[in-house]
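Everything on this sheet refers to the single structure shown next.
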Amino acid sequence: MAPPEPLRLSFADGRGYGIHLGPLTGVPELMEEDASLRPGACLIVSDENVAKLFLSDLLVSLEVAGWTPRTRVLLPGEASKSLRTLSEIYDWALAPTDGQPPDRATPLLALGGGVVGDVAGYAAATLLRGIPLVHLPTSLLAQVDSAIGGKTGVNHSAGKNLIGAVHQPALVVADPATLATLPKREWWSGMAEVVKAALIADAAFFDWLEARWEAIDARSPEVVGEMVRRAAAIKVRVVEQDEFERGRRAILNFGHTFAHAIERATGYLVFTHGEAVALGMRAALHLSQTLSPAPELERAKRLVERISLPAPLDVPIEDLLVAMQADKKRARGRLRLVVLDEVGAARLADDISEDAILEAWQYVRGLPPA
Ligand SMILES: NC(=O)c1ccc[n+]([C@@H]2O[C@H](COP(=O)([O-])OP(=O)(O)OC[C@H]3O[C@@H](n4cnc5c(N)ncnc54)[C@H](O)[C@@H]3O)[C@@H](O)[C@H]2O)c1
């Protein structure tokens with residue numbers, strides 16, 4: 001079977017890059033042919049889980065194509081998205097390869113999930129004021145979301161993702177076959193972002209997901225490949241319209257204001273980000289229903305409620321409301337929420353009443369309205 005046509009992200013000023021779904025062994029050829037990168041030294045950042053599974057084949061194919069790769073393997077997990085890890089990456093990256101220091105044409109390849117992509121991406125944005133970045137996402141969340149659109153960064157003790165830059169990759173190669181080894185919780189965390197993409201922008205994709213939920217649960221390869229492609233295409237379209245999130249790109253945050261509050265109120269310990277997004281979307285859908293009578297929002301709720309969670313949300317509503325204030329402060333006192341008028345049609349709303357927000361939290365907590 002012929003490989004699917006690559007997606008392409010194209011900005012109005014002519015910049016852009018290919019997003020290819022296919023085997024990682026094809027990376028060297030795509031680096032040369034699609035991203036015009038010439039073989040020489042290259043840097044690879046990965047994490048221990050991913051390196052064990054996919055690094056050696058990638059190294060062999062790069063070496064055969066004439067590249068001289070050097071690899072840095074991080075500890076898996078959010079703790080690696082830190083200034084300390086970043087500083088260690090700088091020390092390692094600035095060391096010479098075969099006596100030659102890196103130059104502005106030396107690419108950095110980020111092989112892993114969103115954590116590796118964000119921290120390695122920020123290193124690429126800042127090393128020598130910017131070196132080419134190649135995203136090789138291996139988690140579902142990274143393939144459909146974090147590897148596309150150029151957001152990079154690390155966490156700070158004052159909050160998540162507070163230090164970062166927009167640095168678009170030169171190339172993205174995502175192999176859906178790598179998702180077979182993804183742990184169950186990580187799979188469902190990524191599914192939250194897939195369902196979100198459908199809800200905000202593509203009603204036909206929502207129907208498609210609903211009809212194939214069993215095959216998705218079984219990670220059937222044909223279904224997974226098409227699903228990744230369709231979800232990634234939605235992210236591409238939104239980012240093309242608004243690279244720096246001055247407006248439309250904010251619809252990608254559907255459910256996220258509620259999710260951030262859940263993550264904060266549970267100390268980032270109970271739920272992954274994707275699981276918090278799944279809960280946040282329940283609240284955002286309930287809120288949308290109070291504004292719009294569209295019957296398919298009820299269907300949307302039912303699908304979102306099929307996203308597997310490790311525990312119920314067992315936090316006092318008061319704590320969730322307080323945690324929500326942090327996002328409000330950062331937005332200069334205005335809580336801007338994403339709501340759906342119908343499936344596939346998202347909009348920003350900053351006139352939501354406190355009562356409607358309280359009711360949405362009550363719904364997610366399974367409590368009757370006060
Ligand atoms: N830049 C953006 O636009 C953007 C968007 C959304 C989220 N993010 C960030 O992404 C991060 C979350 O990303 P994530 O969910 O990919 O987490 P992650 O990178 O921690 O990966 C999840 C876990 O899965 C493992 N893993 C990855 N691929 C695997 C595979 N194929 N087989 C087996 N194990 C595998 C990893 O080692 C890790 O333990 C957060 O830091 C979040 O802030 C960034």
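Numbering of residues begins at 1 and proceeds along the displayed sequence. Atom set for the values below is all heavy atoms of this structure, side chains included, hydrogens, waters and symmetry mates excluded. We count ligands from 1, going down the list as the structure has it; atoms in each ligand are counted the same way.
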Nearest protein heavy atom with distance in Å, relative to atom 35 (C) of ligand 1: L182 CD1, 3.6 Å
T126 side chain to Y90 side chain, donor-acceptor N/O pair below 3.5 angstrom: yes
Heteroatom proximity flag, H273 to ligand 1, N/O under 3.5 Å: no
K81: numbered ligand 1 atoms lying under 4.0 Å from its heavy atoms: 9 (C), 40 (C), 41 (O), 42 (C), 43 (O)
Nearest non-hydrogen protein atom, atom 16 (O) of ligand 1: S139 OG, 2.5 Å
Option with minimal heavy-atom separation from atom 44 (C) of ligand 1, where the choices are L75, D118, V277, D175: D118
Enumerated ligand 1 atoms positioned under 4.0 Å from heavy atoms of P183: 33 (C), 34 (N)
E186 to ligand 1, any heavy atom closer than 4.0 Å: yes
Contact atoms of ligand 1, heavy-atom distance to K235 under 4.0 Å: 3 (O)
Residue L53 vicinity, atoms of ligand 1 by number, heavy atom under 4.0 Å: 32 (N), 33 (C)
K160 neighbourhood, listing ligand 1 atoms whose heavy-atom distance to it stays under 4.0 Å: 43 (O)
Test item: side-chain donor near acceptor, D175 and Q143, under 3.5 Å: no
Within-cut-off N or O pair, D145 and ligand 1, under 3.5 Å: no
Ligand 1 versus E48: contacting region, heavy-atom distance under 4.0 Å: neither
Cation-pi, F244 ring and K151 (6.0 angstrom, 45 degrees): no
